[in-house]
2 protein chains.
Amino acid sequence: MTNTTLKKISEILGISVSTVSRALKHHPDISVKTREKVIELARTLDYEPNANAVQLRTKNSKLLGLMVPTISNYFYETFIAAVEEDSRKNGYAVMILQSGNDPVIESENLKLFRQNRVSGVFVCLSSNTKDLSSFEKMFDLEIPVVFFDNVPQESGVHKVCLADEKSAHLAAETILQHPYQSILAIFGNPALSITKKREAALKNAFQAHLHISLMIEHANSSEEAKLVCHEMLNKHLPDIIFCMSDEVLIGVLKTIQEKGLRYPDNIALLTISNGTIPRLFHPQITYIETSGEKLGKAAFAHMLNCIQTKTQPTELLVDAVLFNGGSL
Amino acid sequence: MTNTTLKKISEILGISVSTVSRALKHHPDISVKTREKVIELARTLDYEPNANAVQLRTKNSKLLGLMVPTISNYFYETFIAAVEEDSRKNGYAVMILQSGNDPVIESENLKLFRQNRVSGVFVCLSSNTKDLSSFEKMFDLEIPVVFFDNVPQESGVHKVCLADEKSAHLAAETILQHPYQSILAIFGNPALSITKKREAALKNAFQAHLHISLMIEHANSSEEAKLVCHEMLNKHLPDIIFCMSDEVLIGVLKTIQEKGLRYPDNIALLTISNGTIPRLFHPQITYIETSGEKLGKAAFAHMLNCIQTKTQPTELLVDAVLFNGGSL
DNA sequence: AGGATTTCCGCAAAGGTTTGCTGTGGAAAT
DNA sequence: ATTTCCACAGCAAACCTTTGCGGAAATCCT
């Protein structure tokens, strides 16, 4: 079977293509009688507009691009799910690509987005991306780019972020409400914007509390976090371990379990997470919630704004809240 | 800035559009001199073909559709990641939609796929889909549909599945190698093909061992699994709990932890999983591996086959292997 | 009734590519 | 000096929609 087109409908009805097109969109020029005939036939023939032809003619597609380092990630998947859902509800489809943290692939993916004439793209930068040069063409072509999670430092671009500073602050506050004296804080890849922000905020919060010992370490993966944690715990057992992310938390938990330590009895735990992982355990890990879902919804809303009106580049923040598990 | 088109290039060079088009594809009709001039200019102008126009003309797009109940799922995400990666390497982009297990949305999504003229779609059926009627039009239009994971019972369609029977068999074998006398097996939504297959296979494997007590329960979510497990454990403590999936495992683990039980000392655990969740814990949970990645790769390879040649509908199986954690 | 509006619809171009066919000039063959 | 042939490039149609403009018929007004 071949697809139904305006032409086919017009031939059957013995009217012109343009009349059919207008009838289908309730254009006032078309009489009710004709319109109903057309709509009726279109339904029985199950007419479905050719999105390619539409976009070719109108130059605006109902396609959005979304790029993350990898789809398979506790945080991104909820973000993606949220964006997809809201997109669908607004008639948009989402084209999803992974950069694998490779700037070259990232650049190629942008090209793919352009070739498919997306109306806008959501991007979580690869951790190895040094500058925004591969995005220049997007800006030139005025394709809205909404960065999320790991965003560029530059101002003048659209960013939707978790309240990184605030969440680190909240973490610090939470810690300070307890009599912890020594803290081991493990962060992720130091090249990421979220890492920098969270680390700076945490350090800053503890500057007024010099009697508290704050050790800071970095790890690029769960495996590294596990190793780093092992090393650190061999030297000294802190009162609490703060984890910047799920990745880190997973490594830390393994070490703790392997060492036969129990939380919160032997050591306290606090992490930043969307909650999926912390709630798998018992007791549940106390965490500062950074919801991928909320971020996704915010990102989509902002995108819609950008597409419909020329929105000034802004940095949007999604709030962080504390979830009390039982690890403190 | 506006996009570079063949026309723009042809005007600058003072040649015709068709010559430019042919030059860019190394058509033998075009002289080397002309070709090089064209390619050179195309590069400096950063020409990027309009995918919409190409597909409109050629009727074949480099777009694939992928639909899952929800992206945010331990198994699907690895499947999606694998499909996306292989697609990218083969010049395809992937459009991803979620059905939310709603047959109506599922049907609308198929329509979206058609409108965007995808060359093929991967579908994991929603658990509430009763028949394949909404897929008829895909078949009519000869758009390849590759079902995966939760697939229809009908034959005559393309299916890529985990070796459900085999994995359940493997589970049974593994259990039988130990002196376990009472087994609690918790399965997922009984409407799913994977549930049916796994359950039947497990039952079947134990028919020759009537001295072993096998209790079977169902749960549609982690929450339900937790409740069911609680109930069952209150009545009687089995030697081992078999979980059909991560969803179930998560619920079971919570119950076990809440009850202060330790595995493998008090109770043994065996699950079917892609490994992400089982390896988060310590000791790691022993599982039958059903790799979303392998499945994704198989699905893509099969899709490519379908697109390039008229492949006969087949059921492809991806093998299952045992991963020894420490929960037996 | 005759002109002025309205109502309703079609023509044709445009958007960017691809491709079968035609056309040109020059070199080689006769 | 014709004819033949080949290498090279352009014409034009097609894919499907959208939309500005123009035109015919029907309706209105005085």
Side-chain angles (χ1 to χ4, degrees), chain A residues 1-39 41-42 45-63 91 111-112 114-119 141, chain B residues 1-39 41-42 45-63 91 111-112 114-119 141:
Chain A
M1 194 178 97
T2 163
N3 255 304
T4 304
T5 66
L6 293 183
K7 192 173 166 194
K8 197 182 289 181
I9 295 180
S10 78
E11 281 167 359
I12 296 180
L13 256 32
I15 57 182
S16 79
V17 177
S18 42
T19 302
V20 177
S21 173
R22 288 190 171 102
L24 255 13
K25 346 184 95 59
H26 290 74
H27 191 288
D29 265 12
I30 308 300
S31 71
V32 184
K33 222 178 68 187
T34 313
R35 188 213 299 160
E36 283 178 350
K37 265 197 316 191
V38 171
I39 290 181
L41 184 61
L45 254 45
D46 201 10
Y47 169 71
E48 290 168 355
N50 184 329
N52 288 290
V54 173
Q55 120 71 222
L56 186 58
R57 175 64 226 240
T58 63
K59 289 171 169 293
N60 76 64
S61 73
K62 285 293 199 175
L63 234 198
K111 185 168 181 172
L112 251 177
R114 286 191 298 265
Q115 289 183 200
N116 283 281
R117 299 300 188 267
V118 297
S119 291
L141 292 173
Chain B
M1 195 180 97
T2 163
N3 256 304
T4 304
T5 67
L6 292 184
K7 193 172 165 195
K8 197 182 290 181
I9 295 180
S10 77
E11 281 167 359
I12 295 179
L13 255 33
I15 58 182
S16 79
V17 176
S18 43
T19 302
V20 176
S21 173
R22 288 190 170 102
L24 288 175
K25 349 185 94 59
H26 288 74
H27 192 288
D29 265 13
I30 308 300
S31 70
V32 185
K33 221 178 67 187
T34 312
R35 188 214 299 158
E36 283 178 350
K37 265 197 315 190
V38 171
I39 290 181
L41 184 60
L45 255 46
D46 201 8
Y47 168 70
E48 290 168 355
N50 184 329
N52 289 290
V54 173
Q55 120 72 220
L56 185 59
R57 173 63 225 237
T58 63
K59 291 172 169 290
N60 76 63
S61 73
K62 285 292 199 175
L63 234 200
K111 185 167 182 173
L112 251 178
R114 286 191 298 265
Q115 289 183 201
N116 282 281
R117 299 300 189 265
V118 297
S119 290
L141 292 173

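Here is the naming used below: chain letters follow the sequence lines, and residue numbers restart at 1 for every chain.
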Please determine whether side chain to side chain contact (heavy atoms under 4.5 Å, CB included) holds for the pair B:Val32 and B:Glu36, giving the CA-CA distance in whole Å, both sets of side-chain angles, and the decisive distance to 0.1 Å. CA-CA 6 Å; B:Val32 185; B:Glu36 283 178 350; 3.8 Å; yes

Short N/O separations, protein against nucleotides 8-12 of chain D, under 3.5 angstrom:
from	atom 1	to	atom 2	distance (Å)
D:dA9	OP1	B:Ser31	OG	3.4
D:dA9	OP1	B:Thr34	OG1	2.4
D:dA9	OP2	B:Ser31	N	2.8
D:dA9	OP2	B:Ser31	OG	3.3
D:dA9	OP2	B:Thr34	OG1	3.4
D:dG10	OP2	B:Ser16	N	2.9
D:dG10	OP2	B:Ser16	OG	2.9
D:dG10	OP2	B:Thr19	OG1	2.3
D:dG10	O6	B:Arg22	NH1	3.0
D:dC11	N4	B:Ser18	OG	3.1

A:Val38, A:Ile30, A:Thr19 screened by side chain to side chain contact (heavy atoms under 4.5 Å, CB included) with A:Leu24, the one that passes: A:Val38

Measure from CG on A:Asn3 to C1' on D:dC16 and round the result to the nearest Å. 11 Å

Whole-Å distance separating the CG atom of A:Asn52 from the C1' atom of D:dC15: 10 Å

State, without any angle test, whether A:Ser16 and A:Ser10 hold a side-chain donor-acceptor pair at a distance under 3.5 Å. no

Can you measure A:Lys7 atom NZ to C:dC11 atom P for me and round it to whole angstrom units? 13 Å

For nucleotides 23-26 of chain D, tabulate all protein N/O to nucleotide N/O atom pairs closer than 3.5 Å, reporting atom names and distance.
none

Find the distance A:Gln115:CD to C:dG16:C1' and express it as a whole number of Å. 13 Å

Is the side chain of B:Lys8 donor-acceptor paired with the backbone N or O of B:Asn3 at a distance under 3.5 Å, no angle test? yes

Provide, to the nearest angstrom, the distance between the CG atom belonging to B:Asn60 and the P atom belonging to D:dC15. 16 Å

Please confirm whether the shortest side-chain N or O distance from B:Lys59 to OP1 or OP2 of D:dA14 is below 4.0 Å. no

Kindly say if A:Tyr47 contacts the phosphate of D:dC16, meaning a side-chain N or O under 4.0 Å from OP1 or OP2. no

What are the two closest heavy atoms between B:Pro49 and A:Arg117, and how far apart are they? O-NH1, 4.1 Å

Any sub-3.5 Å donor-acceptor pair from B:Ser21's side-chain atoms to B:Val17's backbone N or O? no

Taking any heavy-atom pair under 4.0 Å as a contact, classify A:Thr58: base, sugar-phosphate, or nothing. sugar-phosphate

State which residue, out of A:Ile39, A:Thr34, A:Ile15, A:Ile12, fulfils the side chain to side chain contact (heavy atoms under 4.5 Å, CB included) condition with A:Val20. A:Ile15

B:Asn50 CG - D:dC15 P separation (whole Å): 18 Å

Would you kindly give the CD1-to-P distance between A:Ile9 and D:dT17, to the nearest whole Å? 8 Å

Got a donor-acceptor contact below 3.5 angstrom from the A:Asn116 side chain to the A:Val118 backbone? no

Separation of D:dC15 C1' from A:Leu6 CG (nearest whole Å): 13 Å

How close do B:Thr4 and B:Leu45 get, counting heavy atoms only, and between which atoms? OG1-O, 2.9 Å

